[in-house]
Amino acid sequence: MSELKGWKEIPIGGMILEAGNAEEYDTGDWRAFRPVFGEGECINCFQCWLYCPDSSILVDVENEEMVGFDLEHCKGCGICASVCPVNARVRKKADEELERNDPRLCIRMIEEGKFQEAGDE
Amino acid sequence: MSKFQALDGNAAVATAMRQINPDVVAAYPITPQTATVQTFSEYVNDGLVDTEFVTVESEHSAMSACVGASAAGARVMTATAANGLALMWEIVYIAASTRLPIVMSLVNRALSGPINIHPDHSDVMGIRDSGWIILMSENGQEAYDNIIQAMRIGEHADVLLPVAVCQDGFITGHGLERVEIYDDADVQDFIGTYEPQWPLLDLDNPKTYGPLDFYDYYYEHKRQQIEAMENATPVILDVAKEFNERFDRDYGLFEAYRLDDADVAVVVANSTAGTAKTVVDQLRDEGLKVGMLKIRLFRPFPAEELAQALSHLDALAVMDRSVSFGAMHNAGPLYLELLAALAAHGVDIPVTDYVYGLGGRDILPAEIERVFRDAFDVAETGEVERKVTYLSVRE
């Protein structure tokens, strides 16, 4: 967030007078869980891109590839991981219930606090 | 040329609404306000106004529609009472904090329960901290005049707050009286054209109303609301001055009746002021120096001006048509606020509170006379034996 303004400097009533301003609001620091690529190979189906409520799935348009996550805006809701069909396939094949941070998944959700610890960067 | 008409308070307000010709009215019928919107809906049906009349399924929806329409840039009015206002409550705050100059006629009625349709001020006291400007009216004429002034007050660029105009249900809401109705053209000329600064329907300049507002900016927006309230008092006086000159009236922040040389006085709001004036005249005829102060502006509360106007008294009695359960001395809100105002401005006079008229219990001249005679006793001793009296409640 840029420098905070005083009450005389901002529009009244909570109005936002510029369109397309959501990008300026860094919601990434709300995140408790971080989406991370796992071993499951991405098939570029773009389901995650379609469902992400924060437009935080980064796509290489030219090569039609899902390339990562916009961590400045991703709130860590995990919808990407929930709708990922590769995740579904990995879960079905496994004989056990998988944790949401299982390395076999395509999109894993790792606790922010444990991220460094896990050494997954 | 203005003309005199026999109208009840609801019809007087409906007439003001016809003359104002708002862009949008969203309302739901509730006694004792029903006659206002019912009459106004006939004006819509008869093509006397250009208003989009939104019939809604509840008061919560009525105020929500008002918020949406006002944000869009429309001039918006509504009316309600008691439980209707209570159902609106959530959106009442949103209207104020979003800084939308909606004007609401509030025909005061006791809040349930037990269920009751008759007047007291428990409904309006529920929104005293909501950020609305609140004007009180003694009779239909004042309700009519206040509604017209409310448009100018709320829409003023330094204010931009919603305004509630109160009058007592049935007593004035349904009481037929002689009301001076001004020329339609004069009313239109007085209120002028509303030019919203940030209309949502200005598609070339898209904007956001009502976004998430956390610990980083919510407080700054509250500070702005405080500033708007600060600004409102001089605006209300300016608008009143212009109104007085144009329509030959005498509005201010409050009305002082035979108060200047009074030894004791009562403070009242709404219709009881009419009864109190009669009692003041009677007691004056007996040679007793009594006076009355009628609250016109309850929010913002003109504390300093009130303290100044009451400072010369030997004793003061406040008449509260509602009670603040569990507050200091289980007193009424008007007393509590006045007590604080007097103390804050160094006025050290004995003050007593008289809670009266709850649920529409009649207030008679003899009872107000008793309040004055009690005040003389207090003035004589300088001692307040009984801080709060629940007037005319049966033991």
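Here is the naming used below: chain letters follow the sequence lines, and residue numbers restart at 1 for every chain. Keep in mind that the numbers below use all heavy atoms, side chains included, and drop hydrogens, waters and symmetry copies.
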Gln197(B) versus chain A, the contacting section by heavy-atom distance below 4.5 Å: neither
With a 4.5 angstrom heavy-atom cut-off, is it the side chain or the backbone of Leu160(B) that approaches chain A, or both, or neither? side chain
Step by step, work out the side-chain contact (heavy atoms from CB on, under 4.5 Å) result for Asn21(A) and Thr208(B). CA-CA 9 Å; Asn21(A) 54 71; Thr208(B) 307; 4.1 Å; yes
Evaluate whether atom [atom1] of [X] has more than 12 neighbouring non-hydrogen atoms of other residues, nucleotides or ligands under 6.0 angstrom away.
X         : atom1 : answer
Glu72(A)  : CD    : no
Trp7(A)   : CH2   : yes
Tyr219(B) : OH    : no
Glu23(A)  : CD    : no
Lys222(B) : NZ    : yes
Glu96(A)  : CD    : yes

[X] [atom1] to [Y] [atom2] distance, which is reported to the nearest 0.5 Å:
X         : Y         : atom1 : atom2 : answer
Lys5(A)   : Asp216(B) : NZ    : CG    : 12.5 Å
Met15(A)  : Leu200(B) : CE    : CG    : 10.0 Å
Leu17(A)  : Lys207(B) : CG    : NZ    : 7.0 Å
Phe214(B) : Tyr25(A)  : CZ    : OH    : 5.5 Å

Between Glu220(B) and Gly6(A) (side chain of the first, backbone of the second, donor and acceptor by atom type, cut-off under 3.5 Å), is there such a pair? no
Looking at Tyr217(B) and Ile10(A), would you say the former's side chain and the latter's main chain have a donor-acceptor pair under 3.5 Å? no
Does some side-chain heavy atom of Ile16(A) sit less than 4.5 Å from a side-chain heavy atom of Tyr209(B)? no
